[in-house]
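In listed order, ligands and their atoms are each counted from 1.
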Amino acid sequence: MNTIHARALAACALMLTGVAAAHAESASTATERAAALAVIKAGFADASPEWTARLKQDEAQAVCSQYRNEPPAKVRQKLEKAQLATLVYPASGKLTGDWREGERVAQEGRGLQFSDAPGGPVGGNCYACHQMAPKEIAFGTLGPSLYQYGKLRGNSEALVRYTYSKIYNSQAYAACSNMPRFGHQGILSEQQIRDVVAFLLDPESPVNQ
Ligand code: HEC
């Protein structure tokens with residue numbers, strides 16, 4: 001019995017060591033990151049200077065790459081705090097707009113991609129990652145379903161503010177989120193974000209039917 005116990009304990013210890021080792025390996029080295037960046041840059045060799053400027057990571061992106069999107073709690077909290085400090089709200093104080101326009105923003109997948117003409121439409125491509133209005137049956141599942149977002153959560157001032165802020169800078173609430181920082185990185189305009197907020201919260205919006 002004792003031997004079996006001892007073996008079981010040893011096996012557990014080995015498993016734990018394995019976990020610890022795997023964890024230690026999960027942070028990438030500077031050399032690995034430099035090699036990855038070189039490959040990415042080579043892929044955009046004939047891109048315009050405006051495009052290649054986007055290959056330079058900001059501090060949040062660099063930290064996320066370093067920890068393969070899973071930073072330790074302390075680093076995560078620091079990153080979220082710094083991203084929270086970037087939030088900018090409309091001077092008018094109005095955080096919602098027109099849900100019909102917001103639906104177009106959510107559906108529009110073009111803008112800022114390598115093959116997109118500069119000056120063309122720029123959208124949020126929300127359906128690439130989220131379920132929203134039920135009539136749209138092609139959606140990605142990387143993000144949670146937002147179907148009935150307003151119907152389920154209500155329409156409080158705090159929720160409107162959170163929704164605007166989350167879309168403005170997703171990493172203020174979830175460091176290393178896969179969701180683009182639409183306002184912070186200038187992908188969507190203030191008006192577009194307000195319209196998308198309305199699309200998620202307005203009781204008339206197809207999202208909430
Ligand atoms: C590339 C994928 C991706 C795209 C594009 C994307 N999101 Fe997200 N979104 C996520 C992921 C992943 C989460 C969950 C993790 C997190 O909270 O950041 C999320 C979370 C959210 C949340 C928070 C949900 C909650 O329960 O609090 C909202 C609101 C949201 N997204 C709205 C949008 C809107 C609006 C758009 C389009 C303008 C959009 N997202 C585009 C990936 C994406």
Within the supplied structure, the quantity of interest is the number of heavy atoms (other residues, nucleotides, ligands) at a distance under 6.0 Å from Gln209 CD; does it exceed 12? yes

query: Can you find a non-hydrogen atom of Phe182 under 4.0 Å from ligand 1?
result: yes

| message | Check contact between Ala106 and ligand 1, using heavy atoms of the residue and a distance below 4.0 angstrom. | response | no

What protein heavy atom lies closest to [atom]? Include the residue and the distance to one decimal.
atom: atom 12 (C) of ligand 1; result: Leu142 O, 3.5 Å
atom: atom 26 (O) of ligand 1; result: Arg153 NH2, 2.4 Å
atom: atom 35 (C) of ligand 1; result: Val196 CG1, 3.2 Å

[X] neighbourhood, listing ligand 1 atoms whose heavy-atom distance to it stays under 4.0 Å:
X: Pro180; result: 3 (C), 4 (C), 5 (C)
X: Ala174; result: 16 (C), 17 (O), 18 (O)
X: Asn125; result: 5 (C)
X: Asn178; result: 1 (C), 2 (C)

Pair Thr52, Lys41 - check side chain to side chain contact (heavy atoms under 4.5 Å, CB included), show working.
CA-CA 8 Å; Thr52 42; Lys41 277 192 173 147; over 6 Å; no

Short version for Tyr162: what comes under 4.0 Å of ligand 1, heavy atoms counted, is side chain

Q) Quick one: does Phe139's side chain get under 4.5 Å of Cys126's, heavy atoms only? A) no

Distance filter < 2.8 Å from atom 8 (Fe) of ligand 1, protein N/O/S hits 2

Separation between OG (Ser205) and CG (Asp195), nearest 0.5 Å, reads 11.5 Å

Practice task
Using distance alone, with no hydrogens and no angle criterion, decide if Thr86 and Tyr168 have a side-chain donor and acceptor under 3.5 Å apart.
Solution key: no

Sorted by chain and residue number, the salt bridge (charged side-chain N to carboxylate O under 4.0 Å, His left out) partners of Lys74 (sequence neighbours excluded) come out as none

Those residues at least two apart in sequence (or on a different chain) that pass salt bridge (charged side-chain N to carboxylate O under 4.0 Å, His left out) with Asp58 are Arg181

How close do [X] and [Y] get, counting heavy atoms only, and between which atoms?
X: Ile187; Y: Val122; result: O-CG1, 3.2 Å
X: Trp99; Y: Pro206; result: CZ3-CD, 3.2 Å
X: Leu152; Y: Tyr147; result: CD1-O, 4.1 Å

Residues at least two apart in sequence or cross-chain that pass disulfide (SG to SG under 2.5 Å) with Cys64, listed by chain then number, are Cys176

Practice prompt. Return yes or no for this condition: an N or O of Tyr149 is under 3.5 Å from an N or O of ligand 1.
Written response: no

